[in-house]
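Here the structure comes first, spelled out in structure tokens, and everything after it is commentary.
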Amino acid sequence: QVQLVESGGGSVQAGGSLRLSCAASGYTYSSYCTGWFRQAPGKEREGVAIIYTSDSDGITYYADSVKGRFTISQDKAENMVYLQMNSLKPEDTAMYYCTVVRWDGRPPVQDALSEYYYYDWGQGTQVTVSS
């Protein structure tokens with residue numbers, strides 16, 4: 001059973017930084033997509049940053065709204081996924097969720113960042129950015 005546990009959320013002022021962590025367990029996919037979605041009150045969950053990983057390939061995907069500010073990374077040996085968030089804006093305020101799904105072959109960006117393809121989620125960690 002896949003388990004995902006997020007941590008690292010908090011409250012910061014605009015322009016600040018946070019680093020989210022996700023501890024993953026319970027899967028042995030050789031190729032997969034893992035990363036971060038977020039959901040603000042009254043809005044749908046949206047893809048933020050995803051890593052596609054296989055034995056011979058790897059690529060990252062970012063939502064346009066976070067490009068240049070957020071960086072996703074992973075430690076495969078420790079089954080950890082991270083999201084470094086810099087230059088935070090009030091519009092980044094949301095619950096951030098970690099996810100992972102088996103995926104064979106590089107997905108197109110619109111699929112990698114689509115909630116439709118993911119079904120294992122952590123409990124979320126709240127990020128609040130004040131102006």
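FYI, the numbering just counts along the sequence from 1. Reckoned from all heavy atoms, side chains included, excluding hydrogens, waters and symmetry mates.
Remark: Gln110 CD is packed, more than 12 non-hydrogen atoms of other residues, nucleotides or ligands lying under 6.0 Å away.
Although no hydrogens or angles enter the test, the distance criterion places a donor-acceptor pair under 3.5 Å between the side chain of Gln123 and the main chain of Glu6. Put simply, the side chain of Arg102 never gets that close to the backbone of Tyr29: no donor and acceptor are under 3.5 Å apart. In terms of modelled atom types and a separation under 3.5 Å, the side chain of Thr34 and the main chain of Ile51 share no donor-acceptor contact. For Thr93 (side chain) and Val129 (main-chain N/O), a donor-acceptor pair under 3.5 Å exists by modelled atom type. When atom types are taken as modelled, the side chain of Tyr52 and the backbone of Gly105 share a donor-acceptor pair closer than 3.5 angstrom.
When all heavy atoms are compared, the tightest approach of Gln126 to Ala94 is NE2-O, 3.4 Å. Across Ser21 and Met80, no two heavy atoms sit closer than the pair CB-CE, 3.9 Å. Nearest heavy atom pair, residue Ser65 against residue Arg38, reads OG-NH2, 3.4 Å. The heavy-atom pair separating Leu4 from Asp120 by the smallest distance is CD1-O, 3.5 Å.
For the pair Val66 and Met85, the minimum side-chain heavy-atom distance is 4.5 Å or more. Residues Arg19 and Tyr82 are in side-chain contact: their nearest non-hydrogen atoms beyond the backbone lie under 4.5 Å apart. Between Tyr62 and Leu113 the shortest side-chain heavy-atom distance does not fall below 4.5 Å. Counting heavy atoms from C-beta on, the side chains of Gln84 and Ser73 never come closer than 4.5 Å.
Distance check: Arg106 CZ to Ser31 OG gives 12.5 Å after rounding to the nearest 0.5 Å. One distance of note links OG of Ser131 with CD of Gln13; it measures 9.0 Å at 0.5 Å rounding. We find the CD-CD distance between Glu115 and Gln39 to be 7.0 Å, quoted to the nearest 0.5 Å. Rounding to the nearest 0.5 Å gives a distance of 3.5 Å between OH of Tyr118 and CD1 of Ile50. Thr99 contributes atom OG1, which lies 7.5 Å from atom CZ of Arg45 (distance to the nearest 0.5 angstrom). A distance of 10.5 Å separates CG of Leu83 from SG of Cys22, quoted to the nearest 0.5 Å.
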- Item | Verdict with reasoning, Val100 to Val81, per side-chain contact (heavy atoms from CB on, under 4.5 Å) | CA-CA 10 Å; Val100 64; Val81 181; over 6 Å; no
- Asn86 and Ser17: CA distance, side-chain angles, deciding distance, side-chain contact (heavy atoms from CB on, under 4.5 Å) verdict: CA-CA 4 Å; Asn86 298 329; Ser17 298; 2.9 Å; yes
- Task: Evaluate salt bridge (charged side-chain N to carboxylate O under 4.0 Å, His left out) for Asp64 paired with Lys67, printing each intermediate quantity in order.
- Result: CA-CA 5 Å; Asp64 288 343; Lys67 282 181 181 177; 3.2 Å; yes
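When the side chains of ILVMFWY residues are joined at heavy-atom separations under 4.5 Å, either directly or via intervening members, Tyr32 and Trp121 end up in two distinct hydrophobic clusters. By the rule that hydrophobic residues join a cluster once side-chain heavy atoms approach within less than 4.5 Å of another member, Met95 and Phe37 end up as members of one cluster. Under the 4.5 Å side-chain heavy-atom criterion for ILVMFWY residues, no single connected hydrophobic cluster contains both Tyr97 and Tyr27. Hydrophobic clustering places Ile59 together with Val101 (ILVMFWY residues linked when any side-chain heavy atoms are closer than 4.5 Å, directly or through intermediates).
Ring geometry, Trp103 versus Tyr117: the interplanar angle falls from 30° to 60°, so the pair is classed tilted.
Between Phe70 and Trp36, the gap from one ring centroid to the other reaches at least 6.0 Å.
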